[in-house]
Amino acid sequence: MSATDPTDPYVVALAPKVHAFVQPDGGWCLNNAGFLGDARESLLVDTAATERRARLLREAVLAHGLPVPGTVVSTHHHGDHTYGNGVFLPEARIVGHENCRREQLAAGHQLHLLWPRTDFGKVDILPPSVTYHERLTLYVGDVEVRLLHPGPAHTTGDTIVHLPDQGVVFTGDLVFHGGTPFLPMGSLTGSLRALELLRSLDAPTVVPGHGRVTDPSAYDATERYLLWVRELAAEGYARGATPLETARRAELGEFAAWRENERLVANLHRAYAELEGLPEGHALDPAVVFGDMAAMNGGVPVACHA
Ligand SMILES: [Zn+2]
């Protein structure tokens with residue numbers, strides 16, 4: 001990787017003491033993180049998909065005059081957000097939703113199964129050791145950090161990180177800015193509800209799980225997509241078409257420009273499950289979901305860009 005690699009992370013100052021760590025272009029395995037604090041203590045929101053990238057994040061925190069984080073909040077269990085947790089132990093306590101812990105333990109080295117040739121470095125599966133059920137408030141110095149669980153949405157263990165005094169929200173993968181939402185491990189209906197919760201926070205600065213720092217207009221774009229998927233699924237389901245057939249016939253319109261649009265078929269699998277009356281977050285077969293996404297890409301599996 002050269003000094004000018006287009007996937008090199010960069011840091012954005014969001015408010016006094018609060019920063020986003022952005023990994024362009026936000027594609028598969030290129031998630032965002034965040035950090036906040038002062039010379040006495042610091043908190044991290046998410047880590048990264050590889051040990052190397054997590055070490056870049058650790059260096060970025062220290063370069064901003066902060067100590068090694070004493071708390072890592074995991075917005076959900078996916079490996080791009082949690083594989084780097086080990087880089088922050090033993091100093092950090094990992095905090096997340098109770099379902100995040102359960103899913104992370106169940107998923108294990110999930111990214112190694114999807115991308116066996118990617119060099120992830122040393123990765124220990126380190127789930128939250130402090131869990132909560134509905135909400136939890138932390139203080140880092142005088143910064144209030146509110147953790148909110150929206151119910152099943154991107155996964156069944158999502159956490160929204162809201163800083164009310166700074167007007168900043170870290171959405172985790174409830175929002176992909178410039179990318180396609182990804183619902184197979186969560187809920188379409190729940191994702192719509194989560195957007196309502198995000199709107200109600202009224203935070204002007206929005207750090208999505210992937211993609212550039214944005215504002216609440218990202219909620220509107222995400223909602224348009226989710227409503228479109230719901231309609232497409234209802235039509236396809238009524239016709240007896242499979243999710244793959246429905247995805248192949250779809251006119252993507254404004255969503256054609258979004259990254260990873262092969263996720264449409266994965267999202268249709270989730271929408272079909274809800275039309276069949278299965279509960280939100282009901283497990284889908286990942287081999288079918290990722291197989292259909294590869295089929296959407298002309299037989300080429302999705303690639304990890306970390
Ligand atoms: Zn995710």
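Residue indices begin at 1 and follow the sequence shown. Start at 1 and go down the list; that is how both ligands and their atoms are numbered.
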#### Entry: Residue list, ring pair (Phe, Tyr, Trp, His ring centres under 6.0 Å) with H81, at least two apart or on another chain
H76, H210

### Query
So, for V213 and L14, which heavy atoms are closest and what is the spacing to 0.1 Å?
CG1-CD2, 4.0 Å

### Query
Under 3.5 Å, is there a donor-acceptor pair linking the side chains of R270 and N267?
no

### Query
Is R263 close enough and on-axis enough to W28, meaning under 6.0 Å and within 45°, for cation-pi?
yes

### Query
Residues sharing V68's hydrophobic cluster, by side-chain heavy-atom contacts under 4.5 Å among ILVMFWY, directly or via others?
L62

### Query
For the Zn ion (ligand 1), which protein N/O/S atoms are closer than 2.8 Å?
H76 NE2, H78 ND1, H154 NE2, D173 OD2

### Query
Listed by chain and number, what are the ring pair (Phe, Tyr, Trp, His ring centres under 6.0 Å) partners of Y83, not counting sequence neighbours?
H112, F120

